[in-house]
Amino acid sequence: MTAIEPGAAAIPLDPEEARRVRAARLERIGKWVLPLVIMIVAIWLWDRICVWNEIPRYILPRPGEVLATLYTDAGLLFGSLLVTLRITFLGLALAVAGGVGLAVLFAQSKWVEMSFFPFAVILQVTPIVAVFPLINIYVDNQTAKLLLCAWIVAFFPILSNTTLGLNSVDRNLIDLFKLNGATRWQQLWHLRLPAAMPYFLGGLKIAGGLSLIGAVVAEFVAGSTGQSSGLASRIIEAGYRLNAPRLFAALILISFTGIVIFLVLSLASHLILRRWHESALKQER
């Protein structure tokens, strides 16, 4: 194997370097091909198990039946998906606003952090299904109930990661800012917030999936029904009616939505960090 540079003769690669080049090429191909092959095999096995064991469709539908249901019930399912996504993104937006705002407050005062951070931990470790009965008593609006649940689940990763980032600034840089007479606001805006950006984006990727989970779980425990209800209600309804194809179609839609949210937030993180942060610069090589 040879490496050819513009304007230069072909330079043969030594065996070890050639092996690394081949391994890197195979890894790039395998990263996409292997998951696709495994997924196709898994779907084929799913279909064959249904056929070989003659499993009724109301217990385990074949993949083709699920796809057909996803197409025929698209209006109902995607309408419910929009309801769930509205709660998801509103909850995420509130989590970002509250988490970043409180993290900045924590970074400005250790006393405030020591006083209020334990309450954030309590919100995180308490299961939302245990908190919802209280929310159900004190909040009348159904949308507000669901939104509050999504916010509670997504809030802590934003708060904890951003707080960690704001407190992880190089002390030498802080001393340099102080020597040059920088105010607290200037330190925050020009030093602490840029340093905390990778931590915040990492928390945002976690919170994006958690906000979807929070919205779906809230719909389950709320038991909301009707045309304007979310995907969780469609799953409950399909389960009661033994409509397994629609149940599986709704589950696939929720899973695919979570994957898309994670990929979009990962792409946004990469685009923001790629020109200056080490974690993204390594991916550019």
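Residue numbers count from 1 along this sequence.
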> Minimum heavy-atom separation for T163 to A103, with atom names?
Replying inline: OG1-CB, 3.4 Å
>> Please enumerate all residues that pass side chain to side chain contact (heavy atoms under 4.5 Å, CB included) together with L26, with sequence neighbours excluded.
In response: none
> How far apart are the closest heavy atoms of P157 and L210, and which atoms are they?
Replying inline: CG-CD1, 3.6 Å
>> Quick test of your reading: applying side chain to side chain donor-acceptor pair (under 3.5 Å), list the pairs with at least one residue in residues 237-261, sequence neighbours left out, ordered by first then second residue.
In response: D73-R246, R234-E237, E237-R241
> If you measure from CG on L85 to OG on S211, what distance do you get to the nearest 0.5 Å?
Replying inline: 9.5 Å
> Taking all non-hydrogen atoms of both residues, which atom of F156 and which atom of A120 are closest, and how far apart?
Replying inline: CD1-O, 3.5 Å
> Can you name the closest pair of heavy atoms from P194 and L188 and give their distance?
Replying inline: CD-O, 4.2 Å
>> Is there a continuous path of hydrophobic side-chain contacts, each under 4.5 Å between heavy atoms, that joins L265 to Y199?
In response: no
> For W189, what residues pass the ring pair (Phe, Tyr, Trp, His ring centres under 6.0 Å) criterion, not counting sequence neighbours?
Replying inline: W185
> Any Lys/Arg nitrogen of K110 or E113 sitting under 4.0 Å from an Asp/Glu carboxylate oxygen of the other?
Replying inline: yes
>> Could you measure the distance from the CG atom of L81 to the CZ atom of R86? Nearest 0.5 Å is fine.
In response: 12.5 Å
> Around M114, counting heavy atoms of other residues, nucleotides and ligands shown, do more than 12 lie under 6.0 Å from its CE?
Replying inline: yes
> Just wondering, more than 12 heavy atoms not from R48 lying within 6.0 Å of its CZ?
Replying inline: yes
>> So F248 and L60, do their side chains get closer than 4.5 Å, heavy atoms only?
In response: yes
>> Could you report the tightest heavy-atom contact between A95 and I158, atom names first, then the distance?
In response: O-CG2, 3.8 Å
> Under 4.5 Å between any side-chain heavy atoms of V96 and F200, yes or no?
Replying inline: yes
>> Could you check whether T84 and E219, counting side-chain N and O atoms only, form a donor-acceptor pair closer than 3.5 Å?
In response: yes
> Hey, does L253 have a side-chain heavy atom less than 4.5 Å from the side chain of F78?
Replying inline: yes
> How many angstroms lie between OG1 in T183 and NE2 in H190, if you round to the nearest 0.5 Å?
Replying inline: 8.0 Å
>> Walk me through whether V217 and I213 qualify under side-chain contact (heavy atoms from CB on, under 4.5 Å).
In response: CA-CA 6 Å; V217 171; I213 294 172; 4.0 Å; yes
> Which is it for I235 and F220 under the side-chain contact (heavy atoms from CB on, under 4.5 Å) test, yes or no, and what are the steps along the way?
Replying inline: CA-CA 9 Å; I235 293 174; F220 268 112; 4.0 Å; yes
> For atom CZ of F262, is the number of surrounding heavy atoms from other residues, nucleotides or ligands below 6.0 Å larger than 12?
Replying inline: no
> Given a cutoff of under 4.5 Å between side-chain heavy atoms of I, L, V, M, F, W and Y, with clusters grown through shared members, what are the other residues clustered with L36?
Replying inline: I40
> Does the side chain of L166 come within less than 4.5 Å of L193's, by heavy atoms?
Replying inline: yes
> Can you say whether the rings of W52 and W44 are parallel (under 30°), tilted (30 to 60°) or perpendicular (over 60°)?
Replying inline: perpendicular
> To the nearest 0.5 Å, how far apart are CD1 in I259 and CD1 in I254?
Replying inline: 12.5 Å
>> Quick check for you: to the nearest 0.5 Å, what is the distance between L204 atom CG and L92 atom CG?
In response: 5.5 Å
> Are side-chain heavy atoms of R62 and R57 found at a separation under 4.5 Å?
Replying inline: no
> What about L159 and V125, same hydrophobic cluster or not, with Ile/Leu/Val/Met/Phe/Trp/Tyr joined at side-chain heavy-atom distances under 4.5 Å?
Replying inline: yes
> Between C149 and G214, what is the shortest heavy-atom contact and its length?
Replying inline: CB-O, 4.2 Å
>> Does any part of the side chain of V83, heavy atoms only, come nearer than 4.5 Å to the side chain of L231, both counted from C-beta?
In response: no
> Sequence neighbours excluded, which residues qualify as side chain to side chain contact (heavy atoms under 4.5 Å, CB included) partners of K145?
Replying inline: F132, I135, N136, V139, Q142
> Distance from T69 atom OG1 to L247 atom CG, nearest 0.5 Å?
Replying inline: 10.5 Å
>> Please say yes or no: joined through hydrophobic side-chain contacts below 4.5 Å, possibly via intermediate residues, are V121 and L105 part of one cluster?
In response: yes
>> Side-chain heavy atoms nearer than 4.5 Å, only ILVMFWY residues, links allowed to pass through others: does that put W46 and V41 together?
In response: no
> Side chains of R192 and Q187: donor-acceptor distance under 3.5 Å anywhere?
Replying inline: no
> What residues, two or more places apart in sequence or in another chain, satisfy ring pair (Phe, Tyr, Trp, His ring centres under 6.0 Å) together with F155?
Replying inline: W151
